[in-house]
Amino acid sequence: MKKEYIDACENLGWTVYEDEDSWVELSRRSPAGEDFYFSVNTEDFVEEINEYAASFDVDEHVEQWIPSRGKKGVPSSIRELLEDAEAIKKMLKELSAKLTGEVYEGICPICGVPIEYYDNKPIDRGHVYFWTCSKCGTSGEEKCSHVFDGHHYRVIDGHGNLFSSEGIRFGDGTPTAPNPLDEHEGICPVCGASIEYSGDSDQIGEYGSRHWECLKCGASGNEGYKEVFVEHHLTAYVL
């Protein structure tokens, strides 16, 4: 196996053990103290690490430790187990980014460690987040775009009635008409005309919504979205 691969792993805190059967075991202690390890084949070393990082399931990892909560050093708190599993996921993404050159949200594209955000600004249908890397000194901008989540929320028709996927409803919840329309981005779910966005976006975490109005039928509501990572743009690179 290439020495540069071993060096890259060890620089990120991983211990590398190569056996005589073309297998490599990588291990690293998690923040909560788990001796986490996994094995890959030396012939497809980088590819298998990339696949393992992408397929690592946080929920499954937590579930395997729940029966041992509070025993032999295993945290008793499910919250701590979850946070530790998420930290392991990030450790794997760091490793994958370093070896493959892949670009990930929240990971420095130069040295592969977590970045630190210090400011952000809204852009058309998205945000730009400004970051620095405390390890290598690189700084940059992380661009995220708003992607329609498939739903409109708190929709009011032109007559002031609540509207849902089942149709317009009276105040007591009785449906008055079926809704034959599917929900689409930029389209009024009441009449099918184009909508006009107004006001700022409301966002909590990666999810948010934009307020809209329909000039044709008078309906209004909020269009849901999920913020999705697009790319990094470097503004300063320390050699």
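We use all heavy atoms of the structure for the numbers below, so side chains are in, but hydrogens, waters and symmetry mates are not.
Cluster membership check: L92 shares its hydrophobic cluster with I6, using side-chain heavy-atom separations under 4.5 Å among Ile, Leu, Val, Met, Phe, Trp and Tyr. Hydrophobic clustering (side-chain heavy atoms under 4.5 Å, transitive across Ile, Leu, Val, Met, Phe, Trp, Tyr) keeps Y118 apart from I115. Note on W212: it does not cluster hydrophobically with Y225, by side-chain heavy-atom contacts below 4.5 Å among ILVMFWY residues. Cluster annotation: I49 is connected to V58 through the hydrophobic network of ILVMFWY side chains, with a link wherever side-chain heavy atoms come within less than 4.5 Å.
Note on ring orientation: taking the six-membered ring where Trp is involved, the planes of H232 and F229 are tilted (angle from 30° to 60°). Using cut-offs of 30° and 60° on the angle between ring planes, the pair F56 and F36 is perpendicular.
Between the side chain of E183 and the backbone N or O of H152, at least one donor-acceptor pair lies under 3.5 Å. Formation of a donor-acceptor pair under 3.5 Å by the H211 side chain with backbone atoms of G221 is found in this model. Remark: the backbone N or O of W23 is not paired with any side-chain donor or acceptor of D21 at under 3.5 angstrom.
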Check the pair W65, H61 against side-chain contact (heavy atoms from CB on, under 4.5 Å), reporting the backbone distance first and the verdict last. CA-CA 7 Å; W65 288 109; H61 192 76; 3.5 Å; yes

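Counting only heavy atoms from C-beta outward, the side chains of L26 and Y37 never approach each other to under 4.5 Å. A heavy-atom distance below 4.5 Å is found between the side chains of V155 and V190. Taking the side chain as every heavy atom from C-beta outward, V228 and S145 never approach each other to under 4.5 Å. Put simply, the side chain of V40 does not reach to within 4.5 Å of the side chain of V46, judged on heavy atoms. By the 4.5 Å heavy-atom criterion applied to side chains, E223 and Y197 are counted as neighbours.
Between S194 and C214, the shortest heavy-atom distance links the atoms O-SG, 4.4 Å. Closest approach of N50 to S96, counting heavy atoms only: OD1-OG, 2.6 Å. Closest non-hydrogen pair, V62 versus A85, comes out as CG2-CB, 3.8 Å.
How far OG1 of T42 is from CD of E18: 6.0 Å, rounded to the nearest 0.5 Å. The line from CD1 of I156 to CD of E213 is 12.0 Å long, rounded to the nearest 0.5 Å. Once rounded to the nearest 0.5 Å, the distance linking SG of C108 with CH2 of W131 reads 4.5 Å. Interatomic distance, CD1 of I187 versus CD1 of I195, reported as 7.0 Å (0.5 Å rounding). Distance NZ/K98 to CD/E4: 11.5 Å, rounded to 0.5 Å. A distance of 8.0 Å separates CD1 in I123 from NE2 in H146, rounded to the nearest 0.5 Å.
Remark: Y52 pairs with F38 by the ring-ring contact (aromatic ring centres under 6.0 Å, His included) rule, at least two apart or across chains. Residues meeting the side chain to side chain contact (heavy atoms under 4.5 Å, CB included) test with K72, sequence neighbours left out: none. In this structure, E142 has no salt bridge (charged side-chain N to carboxylate O under 4.0 Å, His left out) partners at least two apart in sequence or on a different chain. Scanning for side-chain hydrogen bond (donor to acceptor under 3.5 Å, both in side chains) contacts around Y129 gives E227, with sequence neighbours left out.
Sorted by first and then second residue, the side-chain hydrogen bond (donor to acceptor under 3.5 Å, both in side chains) pairs involving residues 77-90 (not counting sequence neighbours) are S30-D84.
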In residues 7-17, what donor-acceptor pairs under 3.5 Å come from side-chain atoms, sequence neighbours left out?
from, atom 1, to, atom 2, distance (Å)
D7, OD1, K3, NZ, 3.3
D7, OD2, K3, NZ, 2.9
N11, ND2, D7, O, 3.1

